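Treat the numbers as computed from the prediction; the structure is a model and nothing was measured. Just so it is clear: chains get the letters A, B, ... in the order the sequence lines come, proteins before strands, and each one is counted from 1.
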Amino acid sequence: MTNLIEVSAVVKSYGGIRALNSCDLEVREGEINGLIGPNGSGKTTLFNVITGYERAQAGRIALRGGDITNSSPDRVFGLGIGRTFQLTRMFPRLTVLENMLVATQRQEGWLRSITRLAGSDSERSRALELLEFVGITRLAHEPAANLSYGQRKLLELASLLVADPDILLLDEPAGGVNPTLINHLADRIQELNAQGKTILVVEHNMEFVMGICSRITVLSQGSTLVAGAPAEVRTNPAVLEAYLGADEHEPAGGGAATVAVISEPPRTSREPVAAAAAPDAAAAAASSGEPLLRLAGVCAGYGGADILKDVSIEVARGGITCVVGPNGAGKSTVMKTISGLLRPRAGEIRFRGELVSGLAPKQVLSRGIAQIPQAHSLFPDMTVQENVEMGAYSVHDGALTRKRLAAVQELYPIVRDRAHDKAGSLSGGQQRLVEFARCLMLDPELIMLDEPSMGLDPQTRAMVFEMVAEMNRQGRTILLVEQNARAGLRLSTHGVVLENGRVRLTGSGHEVLTHPEIGALYLGGAVAAATA
Amino acid sequence: MTAAATAAGPASRRSPARLGAGAIVCLVLALFPVVITDPASTSIAFYALVFMVAASSWNIFSGYTGYLALGHAVFFGSGGYALSLLCSHLGVGGGWPSFLLLPLCGVIAALIAVPVGLVALRTRRHTFVVVTIAIFFIFQLAATNVGFTGGTSGLFLPLAPWTGSSFNTPFYYVALAVLVVTVGCSWFVRRSRFGLQLLAVRDDEDRALGLGVKTWRLKLSAFMLSAFFVGMIGGLYFDFIGQVYPQTAFDPLFDLSIALMAFFGGMGTIAGPLLGAAVLESLQQYVTFTFSNAAIYLIAYGVLFLVVILLMPRGVVPAVTDYLNRRRTRATATGGPPERLAGVAQVTP
């Protein structure tokens, strides 16, 4: 077996965040290689770099030994590498059949490429054959916009095959697709492989990946962790660790040594509710009272099937509640539903006993619920101070704004020290702190954090977690969504495990953390035994 | 069938009704100056043809790719200047001899489109719009200040040898000939894979790139093709006027008009820009010819435009096609003969 694609030491950073950090990958001729790894580990970025959508800053990508580093996407396709996108892309205003006829055939001159008719008889019959192959022939004359999500995935795959590429890079082919269709897709992919196509597939559905792949490559924090047969990979403790987060063998709050600078922060303007209380004490205090936020029987989705199916979660006052679960479980959707970006289809959400589901995001915010979204939420071209001041956009009291600004500057010295630098020039961890500062400008009672540790190195991550604990010590209730389940749960008073839009487990952070089923949730059934 | 089907400009549905309508339109256009000889009417008709060509060729680029170019007057004016300079340097007289040079005017405009495209097509969406406008103003400024364009007073073109009521007729027929070629070309593009790829760029340029579409040269080719016809008809227009100077050659209203005409009729369709230009330009010319107080009627013109765009946001042609398709589908559903599905796009010509 020869290496068809060889990626060596590729580096790609966005501002302060290293998406690919000396990443290596081998794709062997004729295999189905599964590329897995936690959120933010760089899988899609690697696809983008291979296919020319993004430029690598260092490293080399070779196809059959020839250098293709930073070639343009059309050239990469011409060399026989076709790709699909995580968020399916096709041409909505063209018909399905027309979609199939767009791809340029390989080795075709300019004159030929602009004078040929769209679809000779042979091309059309080939296109129809491929539609038959994926099973959407009857939709050939429909505008692609009318297709369902799953059908779009099939069309996207089929439209690549027209030009007969040797290698297919599939970005989450089974993402958001129903189980029947997943099986259908798995069959098609295996059949394509049997026809001699080499396939590299990014997928979070472990059953799917383990079922069809002959080899698996695990990415973690932008570099390759391991590569090997599915059985090897599943039982590799390093892989589980990558998914659940590194086990630092430190007591909660043990990261303090690395954040000595910011320990002992002065009080902010806020009432010191449970300021000095340790998480456990806070939990005890919280468990006695009415929960601050309660989701009851919430169902929500984005037009298609429901993402959240009858989700009930309680967020204890003064505690840290951590929602964990595999990708696509609906964690971020929970946040969006609470913040009002997404209106639940059924169920209700109460904050301090008051109904907040159905309110506009602005109204939710004014009730005291602030959200810090997944990475990159700062305005990169605005200065740090401007970004922080944006947080107080809805506060129309100049004196109060200045007072709060002074308070967050005390808490996060970086807000003062780099006040006039552009936010985009900060490192990933620094950007997170500025995001925290911006959020505190509203003096919220409940802070929702979406993956605060994403894309950060372990040391920075420990610092960010410590800051989360600190915000909690100052009396703010925290709802945390975290891919790094171990670190997140260790920090938390309460844990909630979501899987496929349903609540699977609830309990104290520690209970959830040590529950035997949790490994299985991330890596598929068989792992439980291996790690238990 | 939904809106999307017709927005894509469904390819040929050769129903007899369509062919018949097309034949009648051609016949009317061909016989117009024979039947109506009054010069005021024939010049209105000539102007309408000029704008039909301009809007139709604008559509080959902007309508198909979705890139709104607001600087096509660059090619229109360049065509006029090119013809004037060619005539004076080659000693060519007015009338038919000058008409023979029109394709060359088109070629010159297409060549000008290369550097313009190389700059403008680096950008997308609103940036592209702004860049095309900026380039347009550079040309306007250059025409006033560069030596060979004759400054603000511009250049003259050789006078055609015809007089009286017969003066307009040859111009009319040449414009009609250019229109036929332009529409034929637009039709061919829509049916070629080249055109399909242009539509793909409109829908998702990055995805098209990932399917091996060389979007850069594809867009440039369409831009040049578009400039070619605009340059040709620009030459003819200024030949008719007899003089070309910066204000008329590089007129921002021209940029806006052809875009609005295409919007009015339906961008990305073949018939839309033709309809838009025919209606709006004849109306405007008629109003200017007939009434001394043109302002009030220009307001009426604006109101008509707004009403159409508000009621039929995608333009007249897509809206009407949709309506007809819906009716046909209903007829089929209520027991009519199981005809071919409405809105089915056939890609073969």
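Comment: A:Glu98 engages B:Arg190 in a salt bridge, judged by a side-chain N to carboxylate O separation of less than 4.0 angstrom.
Here CG of B:Leu209 is found 13.0 Å from CZ of A:Arg75. Values are rounded to the nearest 0.5 Å.
Residues A:Pro92 and B:Asp203 come closest through the heavy atom pair N-OD2, 3.2 Å. Nearest heavy atoms, B:Val213 versus A:Asp74: O-CB, 3.6 Å. Nearest heavy atom pair, residue B:Arg193 against residue A:Ala103, reads NH1-O, 3.7 Å.
Taking the side chain as every heavy atom from C-beta outward, A:Phe85 and B:Asp206 never approach each other to under 4.5 Å.
Heavy atoms of A:Arg89 lying under 4.5 Å from chain B belong to its backbone as well as its side chain. Residue contact with chain A, scored on non-hydrogen atoms closer than 4.5 Å, is absent for B:Ala222.
B:Asp204 places no side-chain N or O within donor-acceptor distance of the main-chain N or O of A:Phe91, the cut-off being under 3.5 Å.
With no hydrogens or angles considered, a side-chain donor-acceptor pair links B:Arg207 and A:Ser159 at under 3.5 Å.
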